[in-house]
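Presented below is the structure to which this report refers.
Bear in mind the structure is a predicted one, so any value in this text is a computation, not a measurement. Numbers restart at 1 for each chain; the letters A, B, ... are given by sequence-line order, proteins then strands.
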Amino acid sequence: MLDIKLLREKPDLVRERLASRHGGDDAKVSEVLALDERRRCALAEVEKLKAQRNAASKEIGALMAQKKSADADAKKAEVRAIGDRITALDHEVAEAAMRRDELLLTIPNVPHPSVALGATAEENPEVRRWGSPASFAFQPLNHVALCEKLRLVDFARGAKLSGSGFLLYTGWGARLERALINFLLDLHQREHGYQEVAPPFIIGEHCMVGVGQFPKFRDQAYAVQEGLDASTLGKLYLLPTAEAPVANIHREEILPGADLPVRYVAYSPCFRAEAGAAGVGTRGMIRVHQFDKVELIKIVPPEFGYDELEAMVRNAETVLQRLGLHYRVINLCTGDMGFASAKTYDIEVWAPGQGQFLEVSSCSNCEDYQARRMNLRFKDAASGDNRFPHILNGSGTALARLFVALLETHQRADGSVLVPEPLRPYLGIDVIPIP
RNA sequence: GGAGAGGUGGCUGAGUGGUUUAAGGCGCACGCCUGGAAAGCGUGAGUAGCUAAACACUACCGGGGGUUCGAAUCCCCCCCUCUCCGCCA
């Protein structure tokens with residue numbers, strides 16, 4: 001969430017920078033400020049009263065010690081009236097604070113000044129491209145045809161098990177998926193300096209709020225219930241991304257400054273309800289309810305936030321370069337960015353069978369927006385202050401679409417697929433054969 | 001699921017209604033002492049709100065609510081950890 005002090009001191013700046021974002025409307029900012037003002041007024045008054053009461057209570061204690069019980073009783077009656085007023089004001093403070101914070105959670109992060117103003121994905125500036133689209137001396141197949149021919153994914157039986165949007169990987173497909181996961185984890189852990197973690201796949205609601213998934217995207221999550229106990233519904237969720245548990249690892253902690261930067265890499269499946277997206281790109285593996293992903297998370301001092309973001313994008317690009325996949329990097333405009341992000345790069349890989357670029361990575365600096373929500377701080381060694389760090393997340397990368405691009409790019413005339421060199425040690429073969 | 005124990009400051013550990021707005025110890029920072037260090041002595045140190053800053057003030061003893069002039073302490077609800085038992089991959 002945004003810093004209430006920033007809103008208080010520079011409301012116009014916030015309003016202006018939020019204008020091009022979804023959900024960043026003026027009315028909310030005004031209401032937050034009004035509630036904040038109410039809270040502060042009540043707080044100032046109640047603190048004065050509490051100081052009075054504390055002093056009086058001390059006197060009563062002294063009077064009673066001297067056995068002057070009549071004096072003490074008189075004083076008690078006097079203080080009782082203050083107590084009632086305090087109770088009322090306490091409630092007013094708490095309620096204003098609660099409503100203020102509830103509203104504050106629904107206001108998105110303010111974009112970094114370098115981010116282009118825009119409304120839709122069409123206005124995202126392209127940053128760079130790598131490689132060139134694969135060209136074929138034959139008629140290339142799309143990934144669905146390749147998967148069926150090579151028996152890598154059984155779409156029909158996946159749907160039979162769990163409905164459309166769920167995949168059953170089979171044979172070399174299952175092994176390729178596992179090889180990719182291991183390759184990505186090893187690359188980031190061994191070569192890029194990330195510490196590997198394996199998080200729970202079911203996570204508490206507070207983690208979802210912490211990263212900004214909730215309250216806004218509640219409708220996109222799979223909620224979990226414990227057995228037959230309906231009262232537990234809504235406490236736990238299947239994770240939509242490893243960002244949710246991993247970014248929260250240090251929530252409500254004060255990290256020693258020397259521990260920063262913290263860099264984590266984690267594999268997890270990702271579960272997304274994709275409510276309202278039915279019928280849009282649902283064929284094949286492009287948009288599914290469950291996919292694998294290797295996620296990168298960084299917790300860094302604000303001074304390094306943007307350098308670390310650039311490095312993170314390069315780390316994700318390395319994946320595509322090693323696998324020989326053509327891609328482009330784009331910089332999301334204000335209107336296309338995620339809720340919690342201040343600046344986002346997307347990496348899109350070329351899928352020849354689709355004739356289009358597919359998003360396989362999204363790298364964001366959320367600045368201190370998430371840290372504030374989860375109350376994660378670090379102790380600045382120089383100043384001794386507790387400060388909110390920048391939290392970054394990036395896919396490194398998402399797998400289903402990487403799988404698609406890899407098959408479609410490296411297919412051969414007979415329909416078999418060449419295994420890129422870095423995956424061969426993991427798979428033990430050079431070519432995925434026709435069964 | 002059953003039974004029990006427990007959650008206090010960076011750690012340890014007292015505290016069952018009023019100089020405890022948290023003793024003592026360890027560790028920490030700074031100073032004195034020393035040729036230098038250790039020991040010793042002294043001082044200081046939590047988080048947050050309020051403030052331009054400081055002082056003062058307020059809140060915080062797992063979380064929430066209640067009783068009271070006053071709650072770490074009494075009452076109610078919840079969460080978490082540990083031990084044993086049962087079930088289980």
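Residue A:Asn54 places none of its side-chain N or O atoms closer than 4.0 Å to OP1 or OP2 of B:G70. For the OP1/OP2 pair of B:U68 and a distance below 4.0 Å, the side-chain nitrogens and oxygens of A:Arg80 include no atom meeting the criterion. Residue A:Arg40 places at least one side-chain N or O under 4.0 Å from the OP1 or OP2 atom of B:U51.
In this structure, A:His112 and A:Tyr306 have tilted ring planes: the angle between them lies in the 30° to 60° band. The aromatic rings of A:Tyr194 and A:His192 stand perpendicular to each other, their planes meeting at an angle above 60°, with 30° marking the opposite boundary.
Looking at RNA chain B, the stems built from 3 or more consecutive Watson-Crick or G-U wobble pairs, each pair with its key distances under 3.5 Å, are B:1-7 with B:79-85, B:10-12 with B:24-26, B:28-32 with B:40-44, B:46-49 with B:57-60, B:62-66 with B:74-78.
Between the P atom of B:A56 and the NZ atom of A:Lys48 lies a distance of 18 Å, rounded to the nearest Å. Between the CG atom of A:Asp84 and the P atom of B:U68 there is a distance of 10 Å, given to the nearest Å. Between A:Asp3 atom CG and B:G49 atom C1' there is a gap of 13 Å when expressed in whole angstrom units. Separating the NE2 atom of A:His206 from the C1' atom of B:C79 is a distance of 11 Å, rounded to the nearest angstrom. The nearest whole Å value for the distance from the CE atom in A:Met98 to the P atom in B:G63 is 19 Å. The CZ atom of A:Arg372 sits 10 Å away from the P atom of B:G49 (whole-angstrom rounding). Note: CD (A:Gln52) to P (B:A59) measures 13 Å, nearest angstrom. One interatomic measurement links the two molecules: CG of A:Asp90 to C1' of B:C60, which rounds to 13 Å at whole-angstrom precision.
Here A:Arg8 lies in heavy-atom contact (under 4.0 Å) with sugar-phosphate atoms only. At the heavy-atom level, A:Lys50 lies under 4.0 Å from the strands shown only through sugar-phosphate atoms.
Distance check on atom C1': B:A48 versus B:U21 gives 15 Å, rounded to whole Å. Look at the C1' atom in both B:C78 and B:A89: the space between them is 30 Å, to the nearest Å. With C1' as the reference atom, B:G42 and B:G49 are 33 Å apart, rounded to whole Å. When the C1' atom is compared between B:G44 and B:G10, the two are found 15 Å apart, to the nearest whole Å. With both ends at atom P, the span from B:G7 to B:A72 equals 16 Å, rounded to whole Å. Comparing the C1' positions of B:U20 and B:G13 gives an interatomic distance of 15 Å, to the nearest angstrom. Nucleotides B:A56 and B:U8 have their P atoms positioned 29 Å apart, rounded to a whole Å. With both ends at atom C1', the span from B:C41 to B:U83 equals 45 Å, rounded to whole Å.
Between A:Arg314 and A:Glu310, none of the side-chain N atoms (NZ, or NE/NH1/NH2) sits under 4.0 Å from a carboxylate O, so this pair counts as no salt bridge.
Of the possible polar contacts, one joining the A:Arg251 side chain to the A:His206 backbone as a donor-acceptor pair under 3.5 Å is found. A distance-only check finds no donor-acceptor pair linking the side chain of A:His250 to the backbone of A:Leu255 [under 3.5 Å]. Checked by atom type and distance alone, the side chain of A:Gln290 never pairs as donor or acceptor with a backbone atom of A:Phe166 at under 3.5 Å. One N or O on the side chain of A:Asn109 and one on the backbone of A:Cys366 form a donor-acceptor pair closer than 3.5 Å. A donor-acceptor distance shorter than 3.5 angstrom exists from the side chain of A:Gln370 to the backbone of A:Val211, with no hydrogens or angles considered.
Set against B:U47, B:C57, B:C69, the side chain of A:Ile254 has B:U47 as its closest nucleotide. Among the nucleotides B:G49, B:G70, B:G66, the one closest to the side chain of A:Arg39 is B:G49. Of the candidates B:G66, B:A48, B:C69, B:G66 carries the atom nearest the A:His91 side chain, counting heavy atoms from C-beta on. Side chain of A:Lys5, nearest nucleotide from B:G18, B:U47, B:C50: B:C50. Among the nucleotides B:U47, B:C57, B:C69, the one closest to any side-chain atom of A:Val79 is B:C69. Considering only side-chain atoms of A:Asn386, the nucleotide from B:G49, B:G18, B:U47 that sits closest is B:U47. Distances from the side chain of A:Lys379 to the nucleotides B:U47, B:G49, B:G18 place B:U47 closest.
When each of A:Gly61 and A:Ala51 is assigned the nucleotide of RNA chain B bearing its nearest heavy atom, the one mapping closer to the 5' terminus is A:Gly61. In terms of position along RNA chain B, the nucleotide closest to A:Leu43 lies nearer the 5' end than the nucleotide closest to the other residue of the pair A:Leu43 and A:Lys76.
Atom CZ of A:Arg8 is surrounded by more than 12 heavy atoms from other residues, nucleotides or ligands within 6.0 Å.
Contact annotation: side chain of A:Lys58 to base of B:U21, donor-acceptor pair present below 3.5 Å.
Side-chain contact between A:Leu18 and A:Val110 is present, with at least one heavy-atom pair separated by less than 4.5 Å.
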